Protein chains: 2
Amino acid sequence: MKENESKLENRHIKPTAMRELVLKVLSDQSAAISLADLEQKFEKADKVTLYRTLKTFEENKLIHSIDDGTGSVKYALCKETCQCHPEDLHVHFLCTKCKQTYCLTDIPVPSVNLPTRFTLETINMVVKGICVNCI
Amino acid sequence: MKENESKLENRHIKPTAMRELVLKVLSDQSAAISLADLEQKFEKADKVTLYRTLKTFEENKLIHSIDDGTGSVKYALCKETCQCHPEDLHVHFLCTKCKQTYCLTDIPVPSVNLPTRFTLETINMVVKGICVNCI
DNA sequence: AAAGTTTATGCAACCGAGTTGCAAAGTTGT
DNA sequence: ACAACTTTGCAACTCGGTTGCATAAACTTT
């Protein structure tokens, strides 16, 4: 799994064993994952370590966080080129049945015309409904 | 303040003294307000009562809640005609400087083309940036 | 108007996600 | 091998939100 190691290095994150494991879990997910979810993937890892790992990943834009309104923040991998700028942002989808949160990476967040003298930094757009697996 | 009383009755909420007071506070706000904010507007009211009042208002679509990602849910009045359906939804704006959350009632939430067989229930769209008062 | 029923309010206490402090373990550089 | 720094793990805390239960207030029925 040299690939993950270089992914970490690309984002200037020191590749420790723990971090590679967490990255592996994140890579294997098709949906975004919460800290609690992540904790359950490991039998023995400490919540705080995972928490700080996610923070480090997020600070270095390896992952992005999604506040989907469920009360727990989810995390998902960024694209290689992502800088988490407004033009990089995509829509997220929360299935109200299976509670999975998906990155709709093909759907960019629509631009909005803000009132005059409002400046834009970022946008969080979460669509809720029923996903294809739950119909 | 008969007006607020009838606003409550229109939404089939029994107009108690407490509820009229809370509605008055909400009416006076230009920005959305959190439970903690609301609590501070009263010297003596109990948090739980305010909490349940907000819940009742929300269930009856007198107000809507906004999860702006700050960790505390904000509430703001709905329009008279609002049914909180997707077509009623508007964009919200969180100022990262003053932490105020505004309803941009003139800006409807843009429609998104979901992947096939994804059905839409609701959308939460929060734009973050600097508001006109904080430039 | 009194008794009974329902609804709203208030207090205490709990819950869970996120977070911090600090010490131990591991890593890096000389 | 030693010092300096970074990462990990444990304990404990914060804070927003929530529930249970008892009291108070408001309606109903006679």
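Fair warning: this is a prediction, and the values are worked out from it, not measured in the lab.
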For the pair made of [atom1] in [X] and [atom2] in [N], what is the distance, rounded to whole Å?
X: A/D68; N: C/dA17; atom1: CG; atom2: P; result: 13 Å
X: A/D46; N: D/dA12; atom1: CG; atom2: P; result: 14 Å
X: A/Y75; N: C/dG18; atom1: OH; atom2: P; result: 6 Å
X: A/E43; N: D/dG9; atom1: CD; atom2: P; result: 14 Å
X: A/M18; N: C/dA25; atom1: CE; atom2: C1'; result: 15 Å
X: A/K99; N: C/dA17; atom1: NZ; atom2: P; result: 14 Å
X: A/F42; N: D/dG9; atom1: CZ; atom2: C1'; result: 15 Å
X: B/I13; N: D/dC27; atom1: CD1; atom2: C1'; result: 18 Å

(request) Determine whether more than 12 heavy atoms belonging to other residues, nucleotides or ligands lie under 6.0 Å from atom CG of A/D28. (result) yes
(message) Can you tell me if B/E87 has over 12 outside heavy atoms packed within less than 6.0 Å of its CD?
(response) yes
(message) With a 6.0 Å cut-off on the ring centroids, do A/Y75 and A/F57 count as close?
(response) no
(message) Could you check whether B/D37 pairs with B/K41 (Lys NZ or Arg NE/NH1/NH2 to Asp/Glu carboxylate O, under 4.0 Å)?
(response) no
(request) Please tell me which of the listed nucleotides, C/dA8, D/dG17, C/dG10, lies nearest to the side chain of B/K44? (result) C/dG10
(request) Check every atom of D/dG17, C/dG18, C/dT9 against the side chain of A/L35 and return the nucleotide holding the closest atom. (result) C/dG18
(request) Would you please confirm or rule out a distance under 4.0 Å between OP1 or OP2 of D/dC15 and any side-chain N or O of B/S72? (result) no
(message) Can you tell me which residue among A/V112, A/V127, A/V91, A/N124 is in a side-chain contact (heavy atoms from CB on, under 4.5 Å) with B/M125?
(response) A/V112
(request) Note down the inter-axis angle between the two ends of the helix from C/dA1-D/dT30 to C/dT30-D/dA1, five pairs each, to the nearest 10°. (result) 20°
(message) With the threshold set at under 4.0 Å for non-hydrogen atoms, list the residues of residues 47-64 of chain A touching DNA chain C in residue-number order.
(response) A/K47, A/V48, A/Y51, A/R52, A/K55
(message) Judged by each residue's nearest nucleotide on DNA chain C, which is more toward the 5′ side, B/A45 or A/S34?
(response) B/A45
(request) Look only at the side chain of A/T96 and the backbone of A/G129, and say whether a donor-acceptor pair between them is shorter than 3.5 Å. (result) yes
(request) Report yes or no: do A/Y102 and A/V109 belong to one cluster of Ile/Leu/Val/Met/Phe/Trp/Tyr joined by side chain heavy-atom distances under 4.5 Å? (result) yes
(request) Mind telling me whether B/H64 and B/H92 have parallel, tilted or perpendicular rings, with 30° and 60° as the class edges? (result) tilted
(message) So, using side chain to side chain donor-acceptor pair (under 3.5 Å) as the criterion, who are the partners of B/T56 when residues are at least two apart?
(response) none
